[in-house]
Number of protein chains: 2
Amino acid sequence: MSDESLTIGEVSERTGLGIHTLRYYERQGLLLGSVGRSSGGQRRYSAFDVEWLQLCNRFRACGMPLSDIRRYAELVAAGPGNEQQRLELLRTHEIRVRAELAQMTENLAVIEAKARLYAEHVESGTAGTLWTGQTPTCLALEAMANRDS
Amino acid sequence: MSDESLTIGEVSERTGLGIHTLRYYERQGLLLGSVGRSSGGQRRYSAFDVEWLQLCNRFRACGMPLSDIRRYAELVAAGPGNEQQRLELLRTHEIRVRAELAQMTENLAVIEAKARLYAEHVESGTAGTLWTGQTPTCLALEAMANRDS
DNA sequence: CTACGATCTAGACCTCGGTCTAGGTCAAGA
DNA sequence: TCTTGACCTAGACCGAGGTCTAGATCGTAG
């Protein structure tokens with residue numbers, strides 16, 4: 001636990017990324033430049049490396065592919081002057097995520113409606129009746145599916 | 001475009017799933033029982049198969065793994081009597097998706113804040129100043145990262 | 001009847017994002 | 001000094017979810 005630099009194990013704890021994954025990310029060019037090394041060749045991460053990795057975690061957590069993170073890292077590592085491109089990358093991702101969120105929300109609603117129907121009938125013990133005659137919309141599919149099973 | 005059954009190509013169009021994927025899903029046990037066949041051995045899908053596949057698409061679109069869909073399909077194919085288990089599966093998925101949505105939303109907010117900061121400075125042409133002295137929180141990371149590149 | 005496009009099966013191959021192994025080196029405490 | 005646990009590299013391997021190929025058959029329009 002030195003004051004200025006962290007070992008890969010310490011960074012692993014702080015970021016939640018496995019040791020293997022940290023090395024993998026570095027190989028993939030996700031870090032800003034190259035990580036520092038001890039005289040003996042072991043990685044010594046700075047506080048900034050850790051912050052960056054935490055940002056990477058956020059990117060990953062909303063589905064940004066490693067290739068995009070690499071691209072962003074390259075832009076940042078290249079220094080001032082390409083803010084426009086960074087912004088564009090972020091915006092593009094933002095749009096993609098928004099669309100995905102909308103999609104998921106919509107589909108989740110359908111699934112919840114289905115669950116609600118099941119719940120009502122399971123609770124009232126009338127589930128069996130769902131399959132005897134005309135079937136309600138949301139379960140029609142599963143009901144009819146049993147036509148010839 | 002026969003009245004009662006569809007070829008794999010027609011189903012591919014209607015579901016957006018590739019022909020290869022449709023066969024793959026069947027191999028993986030995602031369909032309810034087995035798809036009908038023509039006398040010559042070609043698949044003939046029913047309207048219910050198509051509806052089911054569309055439901056599968058919804059499941060997939062909110063991240064349900066194929067193994068869960070297979071499990072659900074097995075329950076449905078087994079007929080009435082297991083509504084409780086179907087419900088449980090749906091609820092579990094629902095919870096997982098809600099958590100994921102919350103996570104994504106939170107992380108997206110951070111990314112948007114970052115983008116906003118970039119946007120302000122790119123628009124006002126003061127981006128360069130971000131790197132000259134003390135740096136604002138959200139960009140500190142990228143700024144400092146250029147310390148020794 | 002023939003042609004030609006659509007399907008068939010089995011199985012190889014692919015991308016993504018890790019994860020682990022083998023064989024060796026580093027570093028800190030007793 | 002010795003030991004022990006953390007670390008190193010190169011490269012194999014994994015699981016999820018497809019995607020494609022080869023070589024053969026189906027089925028329909030002409």
Side-chain angles (χ1 to χ4, degrees), chain A residues 1-31 34-46 49-50 53 55-73 93 96 100, chain B residues 1-31 34-46 49-50 53 56-73 93 96 100 103-104 107:
Chain A
M1 198 203 282
S2 63
D3 205 26
E4 258 305 315
S5 68
L6 300 166
T7 68
I8 197 169
E10 291 163 336
V11 172
S12 174
E13 276 176 17
R14 279 163 181 69
T15 60
L17 293 163
I19 288 176
H20 297 300
T21 305
L22 286 169
R23 293 198 275 247
Y24 172 68
Y25 278 11
E26 188 179 344
R27 276 203 301 284
Q28 295 304 305
L30 265 54
L31 299 187
S34 46
V35 176
R37 298 288 177 142
S38 74
S39 55
Q42 300 194 351
R43 288 173 182 79
R44 290 299 126 100
Y45 293 82
S46 70
D49 292 324
V50 174
L53 285 165
L55 178 61
C56 288
N57 273 340
R58 287 191 186 279
F59 283 151
R60 289 293 301 129
C62 51
M64 189 184 285
L66 296 191
S67 56
D68 283 7
I69 301 181
R70 171 168 48 237
R71 174 115 185 80
Y72 189 74
H93 180 60
R96 194 148 30 81
E100 201 177 325
Chain B
M1 200 205 282
S2 64
D3 205 25
E4 259 306 314
S5 68
L6 301 165
T7 68
I8 198 170
E10 290 163 336
V11 172
S12 174
E13 275 177 17
R14 279 164 180 69
T15 61
L17 294 163
I19 287 177
H20 297 299
T21 304
L22 285 170
R23 293 198 275 246
Y24 172 67
Y25 277 10
E26 188 179 343
R27 275 203 301 284
Q28 295 303 306
L30 266 54
L31 299 188
S34 47
V35 175
R37 299 286 177 143
S38 72
S39 54
Q42 299 194 350
R43 288 172 182 80
R44 289 300 125 100
Y45 292 82
S46 70
D49 292 323
V50 174
L53 284 165
C56 288
N57 272 341
R58 286 191 188 279
F59 283 149
R60 290 294 300 129
C62 51
M64 188 184 285
L66 297 191
S67 56
D68 283 7
I69 301 181
R70 171 167 48 236
R71 173 114 185 82
Y72 190 73
H93 180 60
R96 193 148 32 81
E100 200 177 326
Q103 258 283 300
M104 286 180 74
N107 288 319

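All chains are named by letter (A, B, ...) in the order of the sequence lines, taking the proteins before the strands, and each is independently numbered beginning at 1.
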(request) Write down the atom of B/Glu10, the atom of B/Ser5, and the distance for their closest heavy-atom approach. (result) OE1-O, 4.2 Å

Nucleotide N/O to protein N/O under 3.5 Å, stretch nucleotides 24-27 of chain D:
from	atom 1	to	atom 2	distance (Å)
D/dC26	O4'	B/Gln42	NE2	3.3
D/dG27	OP1	B/Ser38	OG	2.5
D/dG27	OP1	B/Gly40	N	3.4

(request) Return the set of residues passing side chain to side chain contact (heavy atoms under 4.5 Å, CB included) with B/Ser67 (not counting sequence neighbours), or none when no residue passes. (result) B/Pro65, B/Arg70

(message) Could you work out, with side chain to side chain contact (heavy atoms under 4.5 Å, CB included) as the rule, every residue matching B/Arg23, not counting sequence neighbours?
(response) B/Ile8, B/Ile19, B/His20, B/Arg27, B/Arg43

(message) Under the rule for side chain to side chain contact (heavy atoms under 4.5 Å, CB included), what residues qualify as partners of B/Ser34, not counting sequence neighbours?
(response) none

(request) Let me know the distance between CG of B/Leu17 and C1' of D/dC20, rounded to the nearest Å. (result) 17 Å

(message) Just to verify, what does B/Arg37 make a salt bridge (Lys or Arg N to Asp or Glu O under 4.0 Å) with, not counting sequence neighbours?
(response) B/Glu26

(request) Measure the spacing between CZ of A/Phe59 and CG of A/Leu55 and express it to the nearest 0.5 Å. (result) 4.0 Å

(message) With a 4.0 Å limit, can you tell me whether B/Arg43 has a side-chain N or O closer than that to the phosphate oxygens OP1/OP2 of C/dT7?
(response) no

(message) For the OH atom of B/Tyr45 and the CZ atom of B/Arg14, what is their distance to the nearest 0.5 Å?
(response) 13.0 Å

(request) State whether the number of non-hydrogen atoms from other residues, nucleotides or ligands found under 6.0 Å of A/Arg58 atom CZ is greater than 12. (result) yes

(message) Applying side chain to side chain contact (heavy atoms under 4.5 Å, CB included), can you list everything that pairs with A/Cys56, at least two apart in sequence or on another chain?
(response) A/Trp52, A/Ile69

(message) Below 4.0 angstrom, which residues in residues 56-67 of chain A have at least one non-hydrogen atom near DNA chain D?
(response) none

(request) For DNA chain C, determine which residues of residues 18-28 of chain A have any heavy atom closer than 4.0 angstrom to one of its atoms, and list them numerically. (result) A/His20, A/Thr21, A/Tyr24, A/Tyr25, A/Arg27

(request) Tell me, please, which residues at least two apart from A/Gln42 pass side-chain hydrogen bond (donor to acceptor under 3.5 Å, both in side chains). (result) A/Arg44

(request) Return the set of residues passing side-chain hydrogen bond (donor to acceptor under 3.5 Å, both in side chains) with B/Asn57 (not counting sequence neighbours), or none when no residue passes. (result) none

(request) Extract the stems that DNA chain C is part of, considering only consecutive pairing runs of at least three Watson-Crick or G-U wobble pairs, both distances under 3.5 Å. (result) C:1-30 with D:1-30

(message) Measuring from atom CG of B/Leu30 to atom OH of B/Tyr24, what distance do you get when rounded to the nearest 0.5 angstrom?
(response) 8.5 Å

(request) With sequence neighbours excluded, tell me which residues meet salt bridge (Lys or Arg N to Asp or Glu O under 4.0 Å) with A/Arg60. (result) none

(message) What is the distance, to the nearest angstrom, from the CG atom on A/Leu6 to the P atom on D/dA6?
(response) 16 Å

(message) Nearest to the A/Ile8 side chain among D/dT9, D/dC7, C/dC8, which nucleotide is it?
(response) D/dC7

